[in-house]
Protein chains: 2
Amino acid sequence: MAVRRKIDDYTLCLSCGRSECTERRFHPIMEKSKERSLKMKKLTIDDVARKAGVSKSTVSQYLNQRYQYMSEATRQRIAQVIEELEYRPNGLARSLKQNRTYLVGVIVANIDYNLSIRCVKAIESELQSRGIQTLICNADEDPDKERSHIETLLARQVDGLIVFPTAHQAAIYEKLNEQHTPYVFIDRLVEGVRTQSLLLDNEAAVKMGVSELIASGHSRIGIMTLPLGVQPITPRKERLAGFRKVMEEAGLPLCEDYVCSAAAADLADELAKLMALPEPPTAIIAANDIVLAELLKASNRQGIQIPQQLSVIGIDDAEFAQIYNPAVTTLSQPAREMGTQAAKIIMAGIEDKEKPVPITYRFAPSLQVGASVKDLRRGE
Amino acid sequence: MAVRRKIDDYTLCLSCGRSECTERRFHPIMEKSKERSLKMKKLTIDDVARKAGVSKSTVSQYLNQRYQYMSEATRQRIAQVIEELEYRPNGLARSLKQNRTYLVGVIVANIDYNLSIRCVKAIESELQSRGIQTLICNADEDPDKERSHIETLLARQVDGLIVFPTAHQAAIYEKLNEQHTPYVFIDRLVEGVRTQSLLLDNEAAVKMGVSELIASGHSRIGIMTLPLGVQPITPRKERLAGFRKVMEEAGLPLCEDYVCSAAAADLADELAKLMALPEPPTAIIAANDIVLAELLKASNRQGIQIPQQLSVIGIDDAEFAQIYNPAVTTLSQPAREMGTQAAKIIMAGIEDKEKPVPITYRFAPSLQVGASVKDLRRGE
DNA sequence: TGGAAAATAGAAATCGTTTTAAAAGAAGGG
DNA sequence: CCCTTCTTTTAAAACGATTTCTATTTTCCA
């Protein structure tokens, strides 16, 4: 044990419970540093200029790769000095003067959705390839946090914003329009705001799900979503509305008991109620990741066999859908593509300085066939 | 359908496949904006000063809440003008002058681990409560990306860095020490670098796992990890080494066939090989999220019954462990606490300007009992 | 060799703040 | 009524770059 506890000068083992550790657990011991006090002088462009024997304007030209303004010799000298000194220009000063930060802010409504993370990864990778850094903020479904993040990001002069909005705060976004800050919405819309948006074709997703169920002989189909609330979040609203419409189009009876919107914590109860009906549904569409998770957990606990007793189709990109036994059939979103496109659009907005026509891009879901749908026709 | 396609001026349905959409799918139509060209003049502190009839120094004092330098009347006047104009100070200029950005960079080795996200959420929330913004970067297990992220973040003058390192690039971090930029490691260590680090007590985790299995009568216990590689990543290395040690301490025979490190894609094969042994293990410890995911998927496909045929214990915080049927017993990390502490430590480094003594904090894992371990004693 | 054009270097203004030191005004005491 | 002593207010110098415009040097050609 001794070895493990000495990886560094001190290694306090929080699991050992020894009394000697307790006191200092979370109180890092500091020691005054002499060097720190005598203010570290930072390297500036002047230092480089002096050492290279040129003016700082020349160095600046070099930094911005305008080599036509200097002789080959100067160029090399500057390069060498920068190398030696390990000089790195101060991004703040640069951005201040250039009025460009090469920063794009991403505000995620809820980072717990797998979709968010997948989109963000795509956004980051696309932007990075263009030399832009991404500042990710999580609003945690709180409109106030969303607003405050926008304020902070603007104060930092970000070049653009990609937003998974939490609510319908049109006023904020109107202001962004006024000051010509490019922004796009992704996954969800904000009512009354004219800008570019990228979303799943939610109705198509529901339709594909229902079709799949019908093809397997189901007709008693239900849907579970999170609560709609006063300002319904786009995907929930569209998926629910889509469900009603699609069922009607398919000529299937829509039983209101089969349509349920409830908070995550209440979904288990709702499921129990559904299954206790004289005529329970034979299949349920889980309108998103979170609903699917609750649904699976609840059916484990309640001993509901999937798909023998209940067929399930999920919408979204939950990782666990593929891992669950049986694998859950889902309608997944082209998250990578959506993120990449969002990034491209925002870059167009930043670089072209032209006002884009508001467009809502709709992305097609794709069916990931699992084994969570029972084929009623063959009585499997 | 018509309604849905007109949420905004244009709504192109990417799922409908109509030929008319195809062309413009990803080519946002731009229109020249007249206003954009006549350069938006940004509101500055001068505008406020002029309108309030005071000097800009006074306004600046106001902005920094040093009200003792002005009369109550001026104070109110400035407040009002700022309100009217909706003036927001330029963060770049501020940071440049103050030599403080109120930005902390977080570099995540791999954002696909649930642990990463949970830590990041905790970090973000702790920092935000102190008025600090978090800039999250994903290194994607690529040391070059890690390095480049550090460079960019430093160029932006972040106040501190929280790093889930990808490899053992000591040199970079030495430089951080030299220039007195506070940073901490989390989840993994970098060999040869003296700083504060926060990690799971990996050995304790393995020990708890093995104990749990022994308590249920298992003795043929295996472990699966991702590849160790040339520069072994801390948790893998420690968990594997810990396993060997703990088995020995427990007086159990350690069969080398039961110890396997392989890439995610090869784990299914490895599992098949293990189960095909004349004496297959009765239990396996999955050393992290990814291994557990592959293990579960593979056993689904290979028809291996958990826990009847094989007991499983996972280390880490995979969401799907609780959702899987049966729920998987895991050793989970106190991610929230780790993140919060990392944030606190980095803030201490930033504010106290004192050099911390290098400490490696070890966090205790906790056992989440599921139903993935068969009790061999009762022949369950 | 003179002079114009091209190449190179440098001075100074600027970006939008903060901060310091000093000026101006008000109040109080003798 | 002048001199202190506070209280308010302001001017000016940073912060670390970029950029424009001018000055200097080279080069080249007649």
Side-chain angles (χ1 to χ4, degrees), chain A residues 39-79 81-82 85-103 152 154-159 179, chain B residues 39-79 81-82 85-103 152 154-159 179:
Chain A
K39 182 116 144 280
M40 271 278 289
K41 199 176 54 201
K42 254 187 213 149
L43 224 44
T44 77
I45 199 172
D46 281 299
D47 300 310
V48 177
R50 203 169 312 122
K51 181 153 184 185
V54 298
S55 78
K56 58 179 191 168
S57 359
T58 307
V59 178
S60 174
Q61 301 291 18
Y62 173 91
L63 290 176
N64 293 284
Q65 295 154 68
R66 283 187 284 265
Y67 303 127
Q68 67 273 32
Y69 292 131
M70 68 199 73
S71 63
E72 178 61 18
T74 332
R75 193 193 129 162
Q76 291 188 358
R77 193 147 19 92
I78 295 177
V81 170
I82 288 180
L85 260 36
E86 295 194 324
Y87 165 75
R88 298 285 177 276
N90 182 320
L92 293 176
R94 280 193 120 160
S95 293
L96 177 59
K97 181 66 210 218
Q98 294 189 142
N99 203 23
R100 186 95 150 66
T101 52
Y102 301 91
L103 245 190
T152 333
L154 289 182
R156 282 195 201 287
Q157 315 293 114
V158 293
D159 293 339
Q179 61 186 72
Chain B
K39 181 116 145 280
M40 269 280 290
K41 199 177 54 200
K42 257 186 209 150
L43 224 44
T44 78
I45 200 173
D46 280 300
D47 299 310
V48 177
R50 201 167 315 122
K51 182 151 182 185
V54 298
S55 77
K56 58 179 189 167
S57 357
T58 307
V59 178
S60 174
Q61 301 291 20
Y62 173 91
L63 290 177
N64 293 284
Q65 296 155 68
R66 284 188 283 264
Y67 304 128
Q68 68 271 34
Y69 292 131
M70 69 199 73
S71 63
E72 177 62 18
T74 350
R75 190 194 132 163
Q76 291 189 359
R77 194 145 19 92
I78 295 177
V81 171
I82 287 180
L85 259 37
E86 295 194 324
Y87 165 76
R88 299 283 177 276
N90 181 322
L92 292 177
R94 277 193 125 159
S95 294
L96 176 59
K97 184 66 205 200
Q98 294 189 142
N99 202 25
R100 185 94 151 64
T101 51
Y102 301 92
L103 247 189
T152 333
L154 289 181
R156 283 193 200 288
Q157 316 291 115
V158 292
D159 293 339
Q179 61 186 70

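Convention: sequence-line order gives letters A, B, ...; per-chain numbering from 1.
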Is a donor on one side and an acceptor on the other found under 3.5 Å between the side chain of Arg77(B) and the backbone of Ala52(B)? yes
Residues forming a side chain to side chain contact (heavy atoms under 4.5 Å, CB included) with Asn64(A), sequence neighbours excluded: Ser60(A), Arg66(A), Arg94(A), Gln98(A)
Quick note, salt bridge (charged side-chain N to carboxylate O under 4.0 Å, His left out) partners involving residues 49-64 of chain A, not counting sequence neighbours, are Asp47(A)-Arg50(A), Lys51(A)-Glu84(A)
Met70(A) CE - dA9(C) C1' separation (whole Å): 10 Å
Each nucleotide N or O in nucleotides 23-28 of chain D that has a protein N or O under 3.5 Å away: list the pair and distance.
none

ring-ring contact (aromatic ring centres under 6.0 Å, His included) against Tyr67(B), all qualifying residues, sequence neighbours excluded: Tyr62(B)
Under the salt bridge (Lys or Arg N to Asp or Glu O under 4.0 Å) rule, collect the residues that match up with Glu86(A), sequence neighbours excluded. Lys175(B)
The side chain to side chain donor-acceptor pair (under 3.5 Å) partners of Glu72(B) (sequence neighbours excluded) come to Gln76(B)
Tell me, please, which residues at least two apart from Thr101(A) pass side chain to side chain contact (heavy atoms under 4.5 Å, CB included). Ser95(A), Leu103(A), Gln157(A), Asp159(A), Leu92(B)
Separation of dA14(D) atom C1' from Arg100(B) atom CZ, nearest Å, is 20 Å
Let me have a per-nucleotide readout for nucleotides 17-27 of chain C, 5' to 3', with B, S or -, counting only protein heavy atoms under 4.0 Å. BBBB-------
Leu96(A) CG - dT18(D) C1' separation (whole Å): 10 Å
Checking Val59(A) now: which residues fulfil side chain to side chain contact (heavy atoms under 4.5 Å, CB included) with it, not counting sequence neighbours? Ile45(A), Val48(A), Ala49(A), Val54(A), Leu63(A), Ile78(A)
Thr44(B) meets the side chain to side chain donor-acceptor pair (under 3.5 Å) criterion, sequence neighbours left out, with none
Protein-nucleotide distance (Gln157(A), atom CD; dG16(C), atom C1'), rounded to Å: 9 Å
In short, the helix from dT1(C)-dA30(D) to dG30(C)-dC1(D) is bent end to end, axes from five pairs each side, to 10°, by 60°
Can you find a side chain N or O atom of Ser95(B) that sits less than 4.0 Å from OP1 or OP2 on dC15(D)? no
Take the protein atom OH of Tyr62(B) and the nucleotide atom C1' of dT8(D), then report the distance between them rounded to whole Å. 17 Å
For Arg75(A), the salt bridge (Lys or Arg N to Asp or Glu O under 4.0 Å) test, sequence neighbours excluded, returns none
